[in-house]
Structure formats: C-alpha cells, structure tokens
Number of protein chains: 2
Amino acid sequence: MPSLVERFSSYPRQGCFDEKRDLILREAARLFVERGVHETALSDLADRFSISKPALYHYARSKDDIIAQILHKASEDNRRIVAEVRQLPGTGRERFLMAARAYGKALNTEFGRCLATIQPSTFSKATLELHTRTHRILLDGLAEVIEEGIRDKSLRRCQPKIVVLALLNAMNAVVRWHRPGGALSHEAVIEEIIDYFIEGIAARPK
Amino acid sequence: MPSLVERFSSYPRQGCFDEKRDLILREAARLFVERGVHETALSDLADRFSISKPALYHYARSKDDIIAQILHKASEDNRRIVAEVRQLPGTGRERFLMAARAYGKALNTEFGRCLATIQPSTFSKATLELHTRTHRILLDGLAEVIEEGIRDKSLRRCQPKIVVLALLNAMNAVVRWHRPGGALSHEAVIEEIIDYFIEGIAARPK
DNA sequence: CAAACTACTTACCGTTTGGTAGATTGTCAA
DNA sequence: TTGACAATCTACCAAACGGTAAGTAGTTTG
C-alpha cells in the first residue's frame, strides 16, 4: 500500500481537492500522535508532501483549523457508534460490549488515534468547546447503555460514568504504549481490556 | 493554607534554597498539568512568584531540568510503592489492591498529577530515557504482584502487563477529567476504578 | 568595615514558528 | 488564443520563547 505521501504526489495538479486534503489531515494526525502538536511545525507537515508551508493554507485556514478538522472526522465515528448502539437489540451488557468494540476499532485509525492522544490544552477556545460537546455525547451514550444493563440485571450496580471514563481512557492509552509487531495485535489488547471491564461490572450469580 | 506563591514570598531573601526550589517545582507542575508544558512559558512561572525569568535559573539549569526534577520527585514515590509491596504479606490480590491504592494516593499530589498527565514527547532525550527506565520498574513491579495472585489462585488467568497498563492509565486519566467539589472525591473515584479492575480479574468460585 | 557570596535585576540575543503578500505556473473552458 | 481559476511558490514579518551577559541589592563572614 502506497504511503499517504506517495498517494498525494500521484494526484494531478488540479482537482482532487478533497482527497488531497484528507491525505494532509491524516498525515498531520500521524505526526501529532507521533511527536505531539507543538513539536510538529507546519513546515514539517509540508515537507512530508514536498510542498511549501503556504500551500497548506489552501486546505486549512490555520493550524488550529487542521486540528479542528481532524477532531471533526474522528468525532463523527463516535457519533455513529452512539447512534448505532441505541438501535441494537440485546441486554445492556451485550450492547456495551458491542459499543466498546466499535470504539476500539475506530481508535485504530489516524483520526481516532489523534483524538485519543491529543491534549485539549493545545486547542483554541472554540475548538475546545466543540470537542467537549461531542465528547459528552459519547460519554452519555455509553453510560446510558450501562444504566440499562443495571436495570435489566445483566450488569451489577456501579457508577456508569466512571466506568465509561475509565474504560475509554484505558483504551485511549493503548495508542500511546502499544507498538504493533509484538505478541498481541491492537485488537487483541483492546479485547483484553474490554473483557476485564465487563467482568468487573458483570452481574454475579448468587 | 497559604498558596505556594504566598509561601515563597514569606521566605527570607537568603537561605531556604531547597524549600524555595520545591515551591517553584510544585507550581511548575501545577501549570504543566493545567495548561501543558509548551503552553507554560518560563516567564509565566516566574510571574507567579513575582520574580524575573532569569531568577528561575538559580533553581534549575533549563526548562527540561525543571521537568526532570519534577519527574524525579514523582518517580521516587513509585519506587517506594514497588519496594513496599514486595515486602507486604497476603495474597496477590490483596497486595495488588494495596499497591493500586498507594499509587492512587501518590497521584493526588502536584508531582504525581504532573507525571500522570505530561506527554513524553515534551521530554529531552536524556529525560525520556530516565522516565522510561523508572516507569518500567513500576510496571514490572505491579505485574509481578498480579502474577503471584494468579499462582496463589486469588486472581484468575489474565495478561498482567495489560492489566497494569490499563489500570494505571485509567487512574492517570482521573487527573484530567475529575474536578474536586463534585459528588465524589478523588479517593472515591480511584477506589471505584480499582474495584472494577480487581473484580474483573478476581478468581471466580466454580 | 570589607570581601565574598547569594539572590536576584534589566536588557538583550538567536531561533523557531504561525501566518501573510504577492508573484508564478499549470489547466481547463470558451 | 486567451481569460479565469486552482495550486503553489519565494520572500518575508511579527511575536514568542528559551536562554545569556552583565550588573546590583542584600546578607553573611572574617
């Protein structure tokens, strides 16, 4: 599979605006995860595609706009997860498992990894507000599923919001410490973590 | 209780070098957690104590040295936790609980919070190496306790390293999302999270 | 008192970085 | 062919920041 950079230069000079922007955003997300936002200069990003720094300003209004666009793409996945889990049949426990797996999968993309590792202190005020609002949707959506699990007795009594925050952050951190190529794949690690949590809040036979 | 800033100016002009440095490091740690490392200029830190920026260079050789000193103080706590848990009696499960609680307590200090939230991408190469090495000690120490719990049958079969990483990161994240003054204290939140994990990996009666 | 030292100060420097102005090149439609 | 537009370039700027040079109060010591 050709790298993002190779695919960029294979595009014609004109047209393909959306595709090129997507490649730039994905490479930016990769660099932000790898080195951090402040350690990634726009000239670094431009160099990766062998274009000049001002050329980036055709695809984004500012550095913060790059971040905002990345967050927007990533949070769309999260919105979708919440929307889908609402329509899923089954017990609260089963649906929570499905939602957690979906989140783990979305996490394993450039945008997902960036959303998981980026520090809100690097956001502008407007971007921070947007991020907070969309993050709330995910948290509330998942906590709701746990509450249903408690009601239908598939899960024990617990603090749904704390469970969700703990699980999401434990999964997010995988992006920081897990390096592919080892004994366990990203999916396997995610599955393990979900398993510990579900077991931890599962209803117990008396 | 007087703030760090107030305590600084109450000291005499001379003497009290160690105390003053400690206050500066703690305030730096607070700012790093609140705004991030790159968003905290040394002049910001100096302003908090109403001193000039070069005055800071009496207490640290560089900005990275400030970070390194903070990390050193925080990792001393972690070393102590590992050393103490090795000498503790009881099952693996009981000892893991104690170690996790001790970590949660150390987390609720300026240096602990900083260690938990700071991004390694902001470290210099030397500081990163130091951090990686001391972090390993904590991870290995805790994983070892879980392995003993599996052997003594107080814990079920699981992946000790993944459990430790998931738990520590779930706890670290509390620093980012928990705001004191709500319904639950820091300690209560930590206790909840530990409980989910211990239940998640506890041995089951057949 | 005077030397020596601690704990600062003001003024400054070099570098990096996000962002802009304005010219230029390639492409397509009329 | 030519006008219009998309895409990109070179050159540049202002601001911020880490860090340094050199000098100066206050304090202790002989």
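Each chain gets a letter, A, B and so on, in the order its sequence line appears, and its residues count up from 1. Not measured: the values here are computed from a predicted model.
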Sequence neighbours left out, what pairs pass side chain to side chain donor-acceptor pair (under 3.5 Å) with at least one residue falling in residues 171-180 of chain A? A/Tyr103-A/Asn172
To the nearest Å, how far apart are A/Phe49 CZ and D/dA7 C1'? 15 Å
side-chain contact (heavy atoms from CB on, under 4.5 Å) against A/Gln69, all qualifying residues, sequence neighbours excluded: A/Arg21, A/Leu25, A/Ala60, A/Asp65
Distance check needed: C/dA7 P versus B/Asp18 CG, whole Å only. 10 Å
How many Å lie between CG on B/Asp64 and C1' on D/dG19, as a whole number? 14 Å
Below 4.0 angstrom from OP1 or OP2 of C/dT20, is there any side-chain N or O of A/Tyr57? no
Taking NZ from B/Lys20 and P from C/dT6, how many angstroms apart are they, rounded to a whole number? 13 Å
Report yes or no: is the cationic atom of A/Lys20 (NZ for Lys, CZ for Arg) under 6.0 Å from the centre of the six-membered ring of A/Tyr59, at an angle within 45° of the ring normal? no
B/Tyr59 side-chain N/O to C/dC8 phosphate OP1/OP2 under 4.0 Å: yes
Between atom NE2 in B/His58 and atom P in D/dG19, what is the gap in whole Å? 15 Å
Do any pairs count as a side chain to side chain donor-acceptor pair (under 3.5 Å) and have a residue in residues 137-147 of chain B, sequence neighbours left out, and if so which ones? B/Arg86-B/Glu144
May I have the distance from B/Arg21 (atom CZ) to C/dT6 (atom P), rounded to whole angstrom? 14 Å
Can you list everything that forms a side-chain contact (heavy atoms from CB on, under 4.5 Å) with A/Val145? Sequence neighbours excluded, please. A/Val85, A/Arg95, A/Phe96
Could you run through nucleotides 10-17 of chain C and give me one letter per nucleotide, 5' to 3': B if any protein heavy atom sits under 4.0 Å from the base, S if only the sugar-phosphate is that close, - if neither? BB------
Roughly, in whole Å, what's the span from CD1 in B/Ile51 to P in D/dA25? 19 Å
Under the side chain to side chain donor-acceptor pair (under 3.5 Å) rule, what pairs show up with a residue in residues 38-51 of chain B, not counting sequence neighbours? A/His38-B/Glu39, A/Glu39-B/His38, B/Glu27-B/Arg48, B/Arg35-B/Asp44
Protein-nucleotide distance (B/Phe17, atom CZ; C/dC5, atom P), rounded to Å: 16 Å
